[in-house]
There are 2 protein chains.
Amino acid sequence: MKEGPDISRIAALIGDPARANMLTALMAGKALTATELAAEAGVTAQTASGHLAKLRDGGLVQVRKQGRHKYFALAHGDVAATLEALMGLAASELRTRTGPKDAAMRQARVCYNHLAGQRGVQMFSCMLGRGDLREDGEDVTITPQGAAFAADFGVDLEALSSARAPLCRACLDWSERRTHLAGSLGRAMLTRMEEMRWLRRDPDSRVIAFLSTGEMAFQQAFPLD
Amino acid sequence: MKEGPDISRIAALIGDPARANMLTALMAGKALTATELAAEAGVTAQTASGHLAKLRDGGLVQVRKQGRHKYFALAHGDVAATLEALMGLAASELRTRTGPKDAAMRQARVCYNHLAGQRGVQMFSCMLGRGDLREDGEDVTITPQGAAFAADFGVDLEALSSARAPLCRACLDWSERRTHLAGSLGRAMLTRMEEMRWLRRDPDSRVIAFLSTGEMAFQQAFPLD
DNA sequence: TTCATACCTCGATCATAGCCGAAGCATATG
DNA sequence: CATATGCTTCGGCTATGATCGAGGTATGAA
């Protein structure tokens, strides 16, 4: 035994219901304060403080102090991807009781900071199919054709490329069990769609609602097959 | 709160050190008996029995009864992929103390039932680059050219295709942070390499050792760029 | 300054669950 | 048949850790 990294340490971190609720809430991508996360987890502020310190020590969340508030967010995209993988396992056991919100969640939702669900998979698959993106192993790269599309879409690739974060990244979708686009380009695409009023984000959950005009524009931009 | 599947339930399952050790041991791909797993976890048989029942109820492992033995294995490839993702997170926190065995683990190891590590990524990337495989989102498909290569390699694709398990599948490598080939083809390729005596599996760990002739043959079959 | 809010530390309580000894089935071997 | 092995259930012990109340320290507002 004792092979590879200590998997149980961080699995135990996610294994507590309160902490799992916090992490799930952070999957929406927005940074939240300690008290907001306490409410999300259903515990008092003191308890939440202890949990958040552990998550921080474990490297799962990052913290930014702003005045008397402390904003927490997921540390990086890998954490979000791992949480999605866990959700995939949990969902496969639990075929029963698909809540009312689940249908909307499966269709379109926020994953960390990018588009996920059926729509996210559709966008990624379409862009891959027409040659905007190229997938080589885990690495996803953008083609010149894709760069032209992004510019036309209103995304400033120059600004994104200069940042440290990877431009494109593959993320496994737990509901569709296929890949969708993460990375700074994925984030920018979602932001742009919000700017263009294609969709609206539910402030209290991860659900994304497409407006009727946005739905049409999306289907035209990323047609199925 | 209460969005999506209950992530904490199965994270807690992996979060116990004894159970994590068992799952890590099962990542080697071989089915193990309850007593073997007890030794692997460092607990008595009674304790192990309880743990294994929980893992089974959680859908993480499958069990096969054979005589007076009970053989346990990972339930399916998704479990292995999730464990790899967790290892990736745990490894990123723990840059310190890279044990002596870690170097060998990073180079080549068994992931559930297929080749992982630097060699696994190399094989996948090479096959993708020369057009043996095609990656469309999470789905990986084999091309006619790839089918010809597989036949030449000594893999019976007909037999694999008839099985229920997917032929090709992408699995994220925790040490390389890139994709390697899973699925029944990934399993068959590793088996074939073992048959051809390219490599030898350490019976007590996940480490794979390439023999000198096998190393040369591998580099010729899957050259870097 | 005074007050309120956001967050943290300390200490005590309490429940969960991991652990093992003992004993009980089931299956193989002699 | 008797005996050994593999696995399980039961009961009790124990420790870990989640929880909250009380009290303390920053930050911002009045």
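Naming convention: chains lettered A, B, ... in sequence-line order (proteins, then strands); numbering from 1 in each chain. Computed from a predicted structure; not experimentally measured.
For residues 18-39 of chain A, the set of pairs meeting the ring-ring contact (aromatic ring centres under 6.0 Å, His included) definition, not counting sequence neighbours, is empty.
Between A/H180 and A/H114, the two ring planes are tilted [angle within 30° to 60°].
Applying the salt bridge (Lys or Arg N to Asp or Glu O under 4.0 Å) test to A/R19 and every residue at least two apart in sequence or in another chain returns nothing. By the side-chain hydrogen bond (donor to acceptor under 3.5 Å, both in side chains) test, A/R197 is found to be paired with no residue, residues two or more places apart in sequence or in another chain being considered. With sequence neighbours excluded, the residues forming a ring-ring contact (aromatic ring centres under 6.0 Å, His included) with A/F210 are A/F218, listed by chain and number. The side-chain hydrogen bond (donor to acceptor under 3.5 Å, both in side chains) search around A/Q122 returns A/Q118, A/Q219, not counting sequence neighbours. In terms of the side-chain contact (heavy atoms from CB on, under 4.5 Å) criterion, residue partners of B/A28 (sequence neighbours excluded) are, by chain and number, B/R206. Residues forming a side-chain hydrogen bond (donor to acceptor under 3.5 Å, both in side chains) with A/T44 (at least two apart in sequence, or on another chain): A/Q46, A/T47. The side-chain hydrogen bond (donor to acceptor under 3.5 Å, both in side chains) test applied to B/R192 returns B/E195, not counting sequence neighbours. By the ring-ring contact (aromatic ring centres under 6.0 Å, His included) test, A/Y71 pairs with no residue at all, sequence neighbours left out.
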Report each atom pair, protein N/O against N/O of nucleotides 6-13 of chain C, whose distance is under 3.5 angstrom.
| from | atom 1 | to | atom 2 | distance (Å) |
| --- | --- | --- | --- | --- |
| C/dA6 | O3' | A/R68 | O | 3.3 |
| C/dC7 | OP1 | A/A34 | N | 3.4 |
| C/dC7 | OP1 | A/K70 | N | 3.2 |
| C/dC7 | OP2 | A/T35 | N | 3.1 |
| C/dC7 | OP2 | A/T35 | OG1 | 2.7 |
| C/dC8 | OP1 | A/K70 | NZ | 2.8 |
| C/dC8 | OP2 | A/S49 | OG | 3.0 |
| C/dC8 | O5' | A/S49 | OG | 3.3 |

N/O contacts under 3.5 Å, protein versus nucleotides 16-19 of chain C?
| from | atom 1 | to | atom 2 | distance (Å) |
| --- | --- | --- | --- | --- |
| C/dG18 | OP1 | B/R19 | NH2 | 3.3 |
| C/dG18 | OP2 | B/K54 | NZ | 2.5 |
| C/dC19 | OP2 | B/H51 | NE2 | 2.6 |

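Here chain A contacts DNA chain D (any atom closer than 4.0 Å to a heavy atom, that is under 4.0 Å), and the contacts span D/dA18 to D/dG28 from 5' to 3'.
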